[in-house]
Amino acid sequence: MVIKLYKNYAPSTHNGTLKGQVKSARGKNLISGKHRCGKGRNARGIITARHRGGGHKRLYRKIDFWRNKKNIYGRIVTIEYDPNRNAHICLIHYRNGEKRYILHPRGAIIGDTIVSGTEVSIKIGNALPLTEMPLGTAIHNLEITRGKGGQLARAAGAVAKLIAKEGKSATLKLPSGEVRLISKSCSATVGQVGNVGVNQKSLGRAGAQRWLGKRPVVRGVVMNPVDHPHGGGEGRAPIGRKKPTTPWGYPALGRKTRKVNKYSEKFIIRHRRKQ
């Protein structure tokens, strides 16, 4: 993806960059309204996800994570920006007249054809079960449960790798580095998710973060004791504890929070971090 640089007409664009993309008319039947809960609060009105709030109004694009139109070829018509995810999406026109959005695979261009099924070629954008894929295939939009739709490797630049097949299970290396078992009957899409250079984008101004619904982050050490355990003291005081904590007093920076007896533990061969 091309990274465009702003000309320095104003201080707000001094360090800003823009990613080139295709803009097009949206499919009316594939878009719906999206309710946003304010400021990351739960049903009790308590903030559970900090630094959220505001932002531009969004419409939700219905993405086809299931890829259940079997053996019907489709053509990529547009590559579009999606405000609800960091990956781009592309509009597919199928031969039977139906239209759907899918995640944009890296390298796919307008005019390419894609298809999903059990006996399809190993081509970027095609979706097929893991049983039909050779070892070493790069995949994304990976199912955990058959028929539930892709749940893994959906972010921009994400890619998983099929490294082994034995019995009813397949061994995959996920983008996080975790190696785990998944049923071979699950489906996945060939290739890597597009918009790889999303981390190279520079917003250039604080207001651009607010448009995205992200509020400022303040260090706990500069707060008052009533607001954070690290707060208080005269001048530049240390945190006053042996280890850093969260605003609610739980240990931070290194404490393992994953349950030891979680149901999926038996499927994980190697965790994303060394235990």
Side-chain angles (χ1 to χ4, degrees), residues 3 6 10-19 34-58 60 82-87 151-158 173-180 193 195-265 267-268 270-275:
I3 303 294
Y6 283 110
S12 60
T13 60
H14 179 70
N15 293 317
T17 60
L18 180 67
K19 305 189 70 176
K34 185 176 186 297
H35 174 72
R36 299 177 67 185
C37 59
K39 300 182 179 179
R41 302 177 190 270
N42 62 6
R44 297 170 53 198
I46 297 174
I47 293 178
T48 56
R50 299 193 302 161
H51 317 131
R52 293 188 182 185
H56 199 284
K57 189 175 181 179
R58 302 178 183 179
Y60 182 73
D82 188 352
N84 305 299
R85 64 194 73 250
N86 57 7
Q151 294 177 273
L152 300 177
R154 303 194 324 192
K173 185 175 182 181
L174 303 181
S176 62
E178 177 180 299
V179 178
R180 65 166 294 158
V193 184
N195 199 15
V196 177
V198 63
N199 293 330
Q200 300 175 7
K201 181 179 178 181
S202 175
L203 298 179
R205 54 185 292 185
Q209 284 278 27
R210 303 306 297 267
W211 299 337
L212 299 176
K214 298 179 182 179
R215 300 183 70 242
V217 179
V218 180
R219 293 172 297 134
V221 74
V222 299
M223 298 182 184
N224 294 320
V226 70
D227 299 316
H228 200 285
H230 294 175
E234 296 292 334
R236 292 189 177 181
I239 64 176
R241 295 187 174 221
K242 291 183 178 179
K243 295 182 180 179
T245 63
T246 67
W248 304 275
Y250 296 106
L253 301 179
R255 184 187 183 188
K256 296 180 177 62
T257 57
R258 179 181 171 86
K259 295 180 181 179
V260 179
N261 58 348
K262 195 168 183 179
Y263 71 95
S264 60
E265 192 73 21
F267 301 114
I268 299 176
R270 188 175 68 202
H271 287 268
R272 62 189 183 97
R273 294 192 183 100
K274 292 182 180 181
Q275 298 295 325

What closest approach, in Å, do [X] and [Y] show between heavy atoms, and which atom pair accounts for it?
X: Ala237; Y: Gly232; value: CB-O, 4.0 Å
X: Arg210; Y: Pro216; value: NH1-CD, 3.7 Å
X: Ala87; Y: Ala155; value: CB-C, 4.4 Å

Nearest-0.5 Å distance, [atom1] of residue [X] to [atom2] of residue [Y]:
X: Arg52; Y: Arg36; atom1: CZ; atom2: CZ; answer: 9.5 Å
X: Thr257; Y: Lys259; atom1: OG1; atom2: NZ; answer: 10.5 Å
X: Arg154; Y: Leu152; atom1: CZ; atom2: CG; answer: 8.5 Å
X: Thr246; Y: Arg50; atom1: OG1; atom2: CZ; answer: 8.5 Å

Non-hydrogen side-chain atoms of [X] and [Y] separated by less than 4.5 Å:
X: Asp227; Y: Val218; result: no
X: Arg270; Y: Lys173; result: yes
X: Met223; Y: Pro247; result: no
X: Arg241; Y: Pro229; result: yes

Subject >> From Arg180, Lys256, Glu265, Glu178, residue fulfilling side-chain hydrogen bond (donor to acceptor under 3.5 Å, both in side chains) relative to His271 >> reply: Glu265
Using modelled atom types only, decide if a donor and an acceptor are shared between the side chain of [X] and the backbone of [Y] within a distance under 3.5 Å.
X: His230; Y: Thr245; answer: yes
X: Asn86; Y: Ala156; answer: yes
X: Thr48; Y: Gly40; answer: yes
X: Asn42; Y: Arg44; answer: yes
X: Asn84; Y: Arg58; answer: no

Subject >> Verdict with supporting geometry, Arg258 and Ile268, side-chain contact (heavy atoms from CB on, under 4.5 Å) >> reply: CA-CA 13 Å; Arg258 179 181 171 86; Ile268 299 176; 3.2 Å; yes
